[in-house]
Engineer: 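If you scroll down you'll find the structure; I have some questions about it.
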Amino acid sequence: MPIAATISGKTFTPHLEVQGNCSLSGELKVSGAKNSALVLMAASLLTEDELILENVPNLTDIEGMREILSTLGVKIKHEKNRIQIQAIGLHHVALPYELVHVLRASFFCIGPLLARLGQAKIPLPGGCEIGARPVTEHIKGLKALGAFINFEHGVVTASVPGTRKRLRGAHVVLDCPSVGATETILMAAVLAEGRSSIENAAQEPEIQDLANLLNRMGAKVSGAGGPKITIEGVTKLRGCHYTVMPDRIEAGTFLIAAAITRSFLHISPIIPEHLSAVLQKLRDCGCNILINKDTIEINPGEIKGVDITTQPYPGFPTDLQAPFMALMATAKGTSVITEKIYENRMQHVAELQRMGASIRLQGNTAVVEGVARLSAAPVHGGDLRSAAAMILASLSANGISKVEGLNHLDRGYSSIEKKLNQAGANILRY
Ligand code: UD1
């Protein structure tokens, strides 16, 4: 979706009109996890057999990854939520900047390309709206596995020396538990010679989903989901059929939608342990939560201010910080919200203030004094999760808000307005 278009000489920015004072009811359905699906698609490069992924969400980020894989010569068929991928006859090991710039996750291809073909050429993704986002840990891990890495003109050229073009197992200790670095090193190590280990590995559920897929493909990965992952290299991987896990961040966004509109809702399918920190904070601020297998029933009472600090998993996820701040803007009392993962993830504060929120920002800490009602305003979501936060704030505000930033929103939420409208919201897309 373009950020802005010119229609009859006037600039038009795609936006949503969100009716406030909304009450939701019924059930909200959670799609497959974006962050899992993206890395699982990259893992398809590790075999020439066919990989079938089910429960893939329909998102612009997924389309971006499809385009990237097609550029490399991969055969892809996409029907509804199923993607069939076959990385046979790869004719390219290089990705163009235009594609990598749009989708940072395309950097994931470096590990599988190196492991399978012994070379890869990928532009450095650079920073984005929320921070600098270096890839030094990814590079450090690949070097430890024996790759030669060269940086020139903003491009990383990676190759495996020797005639066998095979990486060799290594012990990697990450300086920070980076999700992307853990995934890159894991995908590179599965086809390496000998044993590898990743210490201080990220423990996010997406890592487990990737390890589960890789093991289904014939890899030997253990310990994923904990701080140390061990990988016994194998010579070949095979295709398989795999279902992407539910999106814990979309589920968390829907839980906060229920809380901010003070609505009783069922949300499914979810894996409850993936949301432990979020559910605890929702309970602390006054929501009654019942878990029945893969469904959460949320029944908010009076919402009061609670403090949150974002942390790597199993801590409170940075990706729900903006949505939770929208909720706290409507709570009784004060809450202190501290962002610890990204250096620039507070752009939504100014937008919430424009809706009447009372927030003092000191560096990466926001002190939020809840107000009785937010008021509708034209607002802009400057990144994916801020855009979601703007929708949530608008649902609870007095009046009709105009929410821009749909180019960000559509990267990570599949048909969000349709889903919310089915539960009683009144949101129109223009
Ligand atoms: C992934 C998620 C993103 C989520 C983030 C943290 C995907 C596609 N995206 O991003 O939605 O917000 O995890 O949960 O899965 N860092 C370094 N050096 C490195 C790598 C990272 O300092 O080499 C820092 C980053 O700048 C950031 C922090 O570590 O401050 C977390 O980054 P990382 O875990 O790598 O996030 P991503 O994998 O990019």
Side-chain angles (χ1 to χ4, degrees), residues 32-43 56-57 59-62 64-65 68 100 102-111 122 124-144 149 151 156 172-188 198 200-211 213 227 244-245 247-253 274-275 277-278 309-324 338-346 364 383-389 408-409 411-413:
K34 166 182 89 81
N35 288 348
S36 261
L38 287 170
V39 72
L40 302 188
M41 287 172 78
V56 178
L59 302 168
T60 54
D61 266 10
I62 298 293
M65 190 54 117
I68 278 157
V100 177
V102 175
L103 180 63
R104 289 182 51 82
S106 56
F107 197 74
F108 286 145
C109 295
I110 195 167
I122 305 198
L124 279 167
C128 68
E129 301 82 14
I130 56 178
R133 306 187 76 174
V135 287
T136 39
E137 295 299 298
H138 308 231
I139 300 296
K140 185 177 85 180
L142 294 175
K143 278 185 176 168
I149 308 273
F151 295 94
V156 186
V172 181
V173 183
L174 294 178
D175 286 345
C176 63
S178 157
V179 177
T182 304
E183 291 167 339
T184 292
I185 300 164
L186 181 52
M187 287 189 282
I198 310 173
N200 195 24
Q203 300 177 45
E204 269 69 2
E206 290 75 16
I207 307 284
Q208 266 175 286
D209 217 25
L210 173 62
L213 170 85
V244 179
M245 70 178 193
D247 195 312
R248 64 195 170 99
I249 304 300
E250 188 194 25
T253 305
H274 291 179
L275 283 157
V278 178
T309 299
T310 62
Q311 300 284 358
Y313 189 84
F316 193 94
T318 173
D319 288 348
L320 288 174
Q321 181 257 110
F324 204 85
T338 307
E339 172 59 47
K340 289 266 194 184
I341 306 294
Y342 294 113
E343 62 273 26
N344 191 26
R345 201 170 214 183
M346 285 287 178
N364 265 346
D383 67 80
L384 167 56
R385 307 303 171 184
S386 295
H408 297 298
L409 184 76
R411 286 185 41 223
Y413 290 92

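Counting starts at 1 for both ligands and their atoms, in listed order.
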Engineer: Please classify the Thr318 to ligand 1 contact at 4.0 Å (heavy-atom distances, strictly less than): side chain, backbone, both or neither.
Structural biologist: side chain

Engineer: Applying side-chain hydrogen bond (donor to acceptor under 3.5 Å, both in side chains), can you list everything that pairs with Ser178, at least two apart in sequence or on another chain?
Structural biologist: none

Engineer: Under the side-chain hydrogen bond (donor to acceptor under 3.5 Å, both in side chains) test, which residues partner Thr184, sequence neighbours left out?
Structural biologist: His138

Engineer: Do any nitrogen or oxygen atoms of Asp319 lie less than 3.5 angstrom from nitrogen or oxygen atoms of ligand 1?
Structural biologist: yes

Engineer: Would you say the side-chain atoms of Tyr413 and Thr253 include a donor-acceptor pair closer than 3.5 Å?
Structural biologist: yes

Engineer: Please examine the side chains of Thr338 and Thr310, heavy atoms only from C-beta on, and report whether any two atoms are closer than 4.5 Å.
Structural biologist: no

Engineer: What protein heavy atom sits nearest atom 38 (O) of ligand 1, and how far away is it?
Structural biologist: Gly180 N, 2.8 Å

Engineer: Check this for me: does any side-chain nitrogen of one of Glu206 and Arg248 sit under 4.0 Å from a carboxylate oxygen of the other?
Structural biologist: yes

Engineer: Answer side chain, backbone, both or neither: which part of Val39 comes under 4.0 Å from ligand 1, heavy atoms only.
Structural biologist: neither

Engineer: When you measure from atom 16 (N) of ligand 1 to every protein heavy atom, which one gives the shortest distance, and what is it?
Structural biologist: Cys176 SG, 3.8 Å

Engineer: Return yes or no for this condition: an N or O of Ile341 is under 3.5 Å from an N or O of ligand 1.
Structural biologist: yes

Engineer: Give the numbers and elements of all ligand 1 atoms closer than 4.0 Å to a heavy atom of Glu137.
Structural biologist: 18 (N), 19 (C), 23 (O)

Engineer: Taking N or O atoms only and a 3.5 Å limit, does Asn35 qualify as a polar contact for ligand 1?
Structural biologist: yes

Engineer: If we only count N/O pairs under 3.5 Å, is Arg104 in contact with ligand 1?
Structural biologist: no

Engineer: Do me a favour and list the nearest non-hydrogen protein atom to atom 35 (O) of ligand 1 with residue, atom name and distance?
Structural biologist: Ser178 OG, 2.6 Å

Engineer: Should Val278 and Phe316 count as side-chain neighbours, where that means a heavy-atom distance under 4.5 Å?
Structural biologist: yes

Engineer: Suppose we measure from atom 6 (C) of ligand 1 to each protein heavy atom; which comes out shortest, and what is that distance?
Structural biologist: Tyr342 OH, 3.7 Å

Engineer: Just need the protein heavy atom nearest to atom 13 (O) of ligand 1, so name the residue and atom and give the distance.
Structural biologist: Val179 CG2, 3.5 Å

Engineer: Are any of the N/O atoms in Thr136 less than 3.5 Å from those in ligand 1?
Structural biologist: yes

Engineer: Less than 4.0 Å between a side-chain N and a carboxylate O, is that true for Arg345 and Asp319?
Structural biologist: yes

Engineer: Tell me, please: is Arg133 in heavy-atom contact with ligand 1, that is, under 4.0 Å?
Structural biologist: yes

Engineer: Mind checking whether Phe108 and Leu40 have side chains closer than 4.5 Å, heavy atoms only?
Structural biologist: no

Engineer: Report the nearest protein non-hydrogen atom to atom 26 (O) of ligand 1: residue, atom name, distance rounded to 0.1 Å.
Structural biologist: Pro134 CD, 3.2 Å

Engineer: So Asp175 and Glu137, do their side chains get closer than 4.5 Å, heavy atoms only?
Structural biologist: yes

Engineer: Would you indicate whether the side-chain heavy atoms of Cys109 and Ile68 approach each other to under 4.5 Å?
Structural biologist: yes

